[in-house]
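Since the structure comes first, as structure tokens, the remarks are kept for the end.
Chain identifiers are assigned alphabetically (A, B, ...) following the order of the sequence lines, protein sequences preceding nucleic acid strands; residue numbering begins at 1 within each chain.
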Protein chains: 2
Amino acid sequence: MTASGRRKFRREGEGRRRRDLIEATLDCVAENGIEGATVRAIAQRAGVSAGLIRHYFPGKAELLQAAYAAVVKRMTDQAKDALAARDARPAERLAAFVRANLGPPVVDTQIFALWAGFIARAHADTALAAVHREGYLGFRDEVESLVGAVLEEAGRPADMAVLRRHAIAINAIIDGLWIEGCMASSLFDEGELARIAIASVAAQLGVDLPGHEGSGR
Amino acid sequence: MTASGRRKFRREGEGRRRRDLIEATLDCVAENGIEGATVRAIAQRAGVSAGLIRHYFPGKAELLQAAYAAVVKRMTDQAKDALAARDARPAERLAAFVRANLGPPVVDTQIFALWAGFIARAHADTALAAVHREGYLGFRDEVESLVGAVLEEAGRPADMAVLRRHAIAINAIIDGLWIEGCMASSLFDEGELARIAIASVAAQLGVDLPGHEGSGR
DNA sequence: CCCGTATTTATACGCTTGCATAACAAGCCG
DNA sequence: CGGCTTGTTATGCAAGCGTATAAATACGGG
């Protein structure tokens, strides 16, 4: 008898392993904060030994960066899906965009925990900050171009400066409501955040948007 | 020769020491994130030995709670000062409130770093979460009562539900702009955030507020 | 079928962390 | 001015961290 206590294992492709490790990292961060994402905890959740992490990532820092990039991608993809789905009127697309960002898949305790954990760390970690900035600017550009189309449709085309201010404000509304929703989801009815946001955006732009009370119902 | 390498020290009152330790904790968190706030780092910055912390706080967790409570107090006090200063028209008070929350003392990298660090941890630490919730609800109540007064002045008193929705939206605008300002202050001119917020709030409520472009200048 | 290689595990190392403890000294009270 | 209280320091400890390294295993190509 060999008495070999060594674990059996299967070899996996690099892509698969990296994905699993990132997913395990996100689970750990969501559950116990970023400080709960230790190398050992991540490895255990991924079902591998701790040393394997350093076979696929130069260090823990790089794994965290990859994990945060995955979070950013998940959030922005959700929003962009909402845009691709409708190629209808600009006002409808803007409303759908707002709704997508304040609905169940994005407004989520776990995603917020990830966001908060990484945002906090981004202050001391310039690499994480870069990942964040990239995703953020993409989001804001999206809002700006949507607003431009909506105002054009309404016959009130706006110059760049006005457009920029609208985008900043609308972005703030979405962000603010998203945070409130994530941190105290029990305080809001289903769809309430989206309705508040759409009404607020409509007031901001001085247009009617499908889905809020002043829109013909 | 005694060869005593032991440090000289002065005895201080309890209040003073606790305040210094909290201040040192905030400095550490702001500088290196919450993970940079180790017992030893805090003690060094406070100019005392590490063991003293446990003489004034049961453990590190309680020190962090006290520090976060100090942050919350600092932020809300700033805003409430803006209210006390003017007992003029409700519209002016609301504008001052918004401006106070989006000006230099509150919009600040360091305060944001503190906020982000604690918010992230609040997900796994129920005591911190309680501290946060308390400060947050106070803020929102303030907004709600201000909005009520403004609408009353405008001759359009609103029922509770409408008031609540307005407060949620306005709170979101302030929060969102605050975050944007803290994270990318270089992207905004001086006072720009406050101007955008006031314009947005004015549009939201359908009233004129002192300090935005449609207000008679 | 066996060898070679790349994946994976296991173990150990150095460091830092929060916390406990005991020695020490500052300042008050008699 | 000497003793006592207690604020304060210094030292040590066990646990946990990220990382380095070498052994062991899976699995494809000869």
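With respect to B:Glu23 and B:Arg74, a salt bridge is recorded, a charged nitrogen being found less than 4.0 Å from a carboxylate O. With salt bridges taken as basic N to acidic carboxylate O contacts below 4.0 Å, none links B:Arg16 and B:Glu14.
Going from atom NZ of A:Lys60 over to atom OG1 of A:Thr25 covers 9.0 Å, rounded to the nearest 0.5 Å.
Distance, B:Phe57 CZ to C:dG18 P: 15 Å, rounded to whole Å.
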Per-nucleotide protein contact string for nucleotides 13-18 of chain D, where B marks a base within reach and S marks sugar-phosphate only (heavy atoms under 4.0 Å, - for neither): ----BB
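Within the 3.5 Å criterion, the main-chain N or O of A:Leu146 finds no donor-acceptor partner in the side chain of A:Arg93.
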Pick out the pairs of N or O atoms, protein on one side and nucleotides 6-10 of chain C on the other, that lie under 3.5 Å.
residue	atom	partner	partner atom	Å
C:dA6	N3	A:Arg11	NH2	2.2
C:dT8	OP1	A:Arg10	O	3.4
C:dT8	OP1	A:Glu12	N	2.8
C:dT8	OP1	A:Arg17	NH1	2.4
C:dT8	OP2	A:Tyr56	OH	2.3
C:dT8	O5'	A:Arg17	NH1	3.4
C:dT9	OP2	A:Ser49	N	2.8
C:dT9	OP2	A:Ser49	OG	3.1
C:dT9	O2	A:Arg6	NH1	3.1
C:dT9	O2	A:Arg6	NH2	3.4
C:dA10	OP1	A:Arg7	N	3.0
C:dA10	O4'	A:Arg6	NH2	3.3

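Outside the 6.0 Å centre-distance limit, the rings of A:Tyr68 and A:Trp115 are not counted as a close aromatic pair.
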Let me check something: any side-chain donor-acceptor pairs from residues 30-42 of chain A under 3.5 Å, sequence neighbours excluded? List them with distances.
residue	atom	partner	partner atom	Å
A:Glu31	OE1	A:Arg45	NH2	2.8
A:Glu31	OE2	A:Arg45	NH2	3.3
A:Glu35	OE1	B:Arg121	NH1	2.9
A:Glu35	OE2	B:Arg121	NH1	3.1
A:Thr38	OG1	A:Ala41	N	3.0

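Listed here is the closest heavy atom pair of A:Ile173 and B:Ala172: O-CB, 3.9 Å.
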A:Glu192/B:Arg164 under salt bridge (charged side-chain N to carboxylate O under 4.0 Å, His left out): CA gap, chis, key distance, verdict: CA-CA 12 Å; A:Glu192 184 178 20; B:Arg164 173 169 173 274; 2.7 Å; yes
